[in-house]
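Accompanying notes for the structure given below.
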Number of protein chains: 2
Amino acid sequence: MIGSTTPAATGRSASRGRIDKRRAILEAAFTVFAVRGYAQACVQEIAEVAGVAKHTVYNHLNDKENLFRHAMAAAAESALAENLAVVESLVVRGGDVRATLEDVGHRLLRRHCDERSWALRRLLYAEFARFPDLLDVVQGGEVNRVNDALADRLARLSLAGGLRACDPVEAAEQFLALLTGPMETRSRLGARPVPEAELRAVARAAVDTFLCAFAAGPARGA
Amino acid sequence: MIGSTTPAATGRSASRGRIDKRRAILEAAFTVFAVRGYAQACVQEIAEVAGVAKHTVYNHLNDKENLFRHAMAAAAESALAENLAVVESLVVRGGDVRATLEDVGHRLLRRHCDERSWALRRLLYAEFARFPDLLDVVQGGEVNRVNDALADRLARLSLAGGLRACDPVEAAEQFLALLTGPMETRSRLGARPVPEAELRAVARAAVDTFLCAFAAGPARGA
DNA sequence: AGAAGATTGCACTCGTGAGTGCAGTCGGGC
DNA sequence: GCCCGACTGCACTCACGAGTGCAATCTTCT
């Protein structure tokens, strides 16, 4: 969606119409903001991409600022939901902790590396100085809550004997760090699409190291 | 320097003068860009902060774009030098690998969390879409070279028996990830000044986990 | 059909900031 | 003392984009 240059992904066919223009506007806004940045993005273009008149944009969201905030919030919310869904799926099956962690890690990495996620992070970094509250809207929900959810799961895993006793929050923090840290360089801020195999390799390496530190008994790397 | 609001850190006393105005301009430019972002920063203000006439800015650097690029390059270069200096100091002393790693990790974290570094990263993220070559100027030198230098040191450490045999590049990657990853949330994109004790704790935790995975013999956490 | 509200296209105001031109000033070298 | 080049202050042009007003049109509800 982000990379799309086609003018109206949502509402061109029903050009003059009814549907949820608002959603189309927010989506288009995020797309354009992602490409141009806040200041360079002009409302006119957002309206065009949304397949809507500029006036309509101002009808739904009064300001460019408001538009930006809501677009970011919407994007963050959907990204958060995706990540949480992945984390929630981390359940203690038979006893194959390694495979489970690798799978979850890999899926988290895929989310982390897609275009929308990178755009969200770039915009957050970019406009954070001018929109300090953005951090609460985006980061507060995005990173912290994923970390907390992961900590919950790791705690369960620990109690079930899959991991050694540890501070689950710290463990989650390090697991996520081992996953996402290496991507900063590998995907060039999202400019380079990282092949699946590489994602898998990074996830495997992260789990290797993670399990060396946190596995329950006589654990050992691959 | 970044947080300073005083108009001329370098060249106000010798207002009409000779010295290296250019350096003052680049520094002022980075300061202003860091606070306002590229688009919102106006050349007039940069000139004022540098203690220089707007015209002089255009004399030294033709464009706002050029100004931005050079300011970023200068800031990145100095940041890189600082980080490399820290990594270079990682030498195999007696045999206290853990203490050495913790010290280096802690100093890297301090660099990573200071205002200039965060500003540099924020600007890179922010304007990367409009200045794709920025990544070569900044990131190419910044992250990769620090990683490479660290990999060199870890390889030496490994040969000397301080670490188990491993891919030093991957080890360096994970060590840096364990260090910087947790800071993303803890310092709120650089808005929250992280206390020394916390930096030290993160460094210790990173080294703990790192050594669990990469220590030579019968290594074990703290 | 008719009314109400949303939507549209267009033209407009207004502020802002990049970049330039010019005339005057300063400082150092000859 | 004088010249040259860098620097300065000021006023100016110009492009761009946010936000508004208005009249016409469409959609939907009754």
By nearest nucleotide on DNA chain D, pick out whichever of B/Lys54 and A/Lys54 is the more 5' one.
B/Lys54
Looking at the side chain of B/Lys64, which of D/dT8, C/dG9, C/dG19 is the nearest nucleotide?
C/dG19
The side chain of B/Lys21 is closest to which nucleotide in this list: D/dC7, C/dA18, D/dA18?
D/dC7
Hydrogens and angles aside, do [X] and [Y] bring a side-chain donor and acceptor to less than 3.5 Å of each other?
| X | Y | answer |
| --- | --- | --- |
| B/Asp103 | B/Thr100 | no |
| B/His106 | B/Arg204 | no |
| B/His70 | B/Asn66 | yes |

Spacing between [X] atom [atom1] and [N] atom [atom2], to the nearest angstrom:
| X | N | atom1 | atom2 | value |
| --- | --- | --- | --- | --- |
| B/His60 | C/dG19 | NE2 | P | 16 Å |
| B/Glu48 | D/dC7 | CD | C1' | 16 Å |
| A/Gln44 | D/dC16 | CD | P | 14 Å |
| B/Asn59 | C/dC26 | CG | P | 18 Å |
| B/His55 | C/dG21 | NE2 | C1' | 7 Å |
| B/Asp20 | D/dC7 | CG | C1' | 15 Å |
| B/Tyr58 | C/dG21 | OH | P | 13 Å |
| B/Arg22 | D/dA6 | CZ | P | 14 Å |

Contact nearer the 5' end of DNA chain C, comparing A/Thr56 with B/Ala39:
A/Thr56
Between B/Tyr38 and B/Phe131, does the ring centre distance come in under 6.0 Å?
yes
Check every strand shown and say whether B/Ala47 touches a base, only sugar-phosphate, or nothing at a heavy-atom separation below 4.0 Å.
nothing
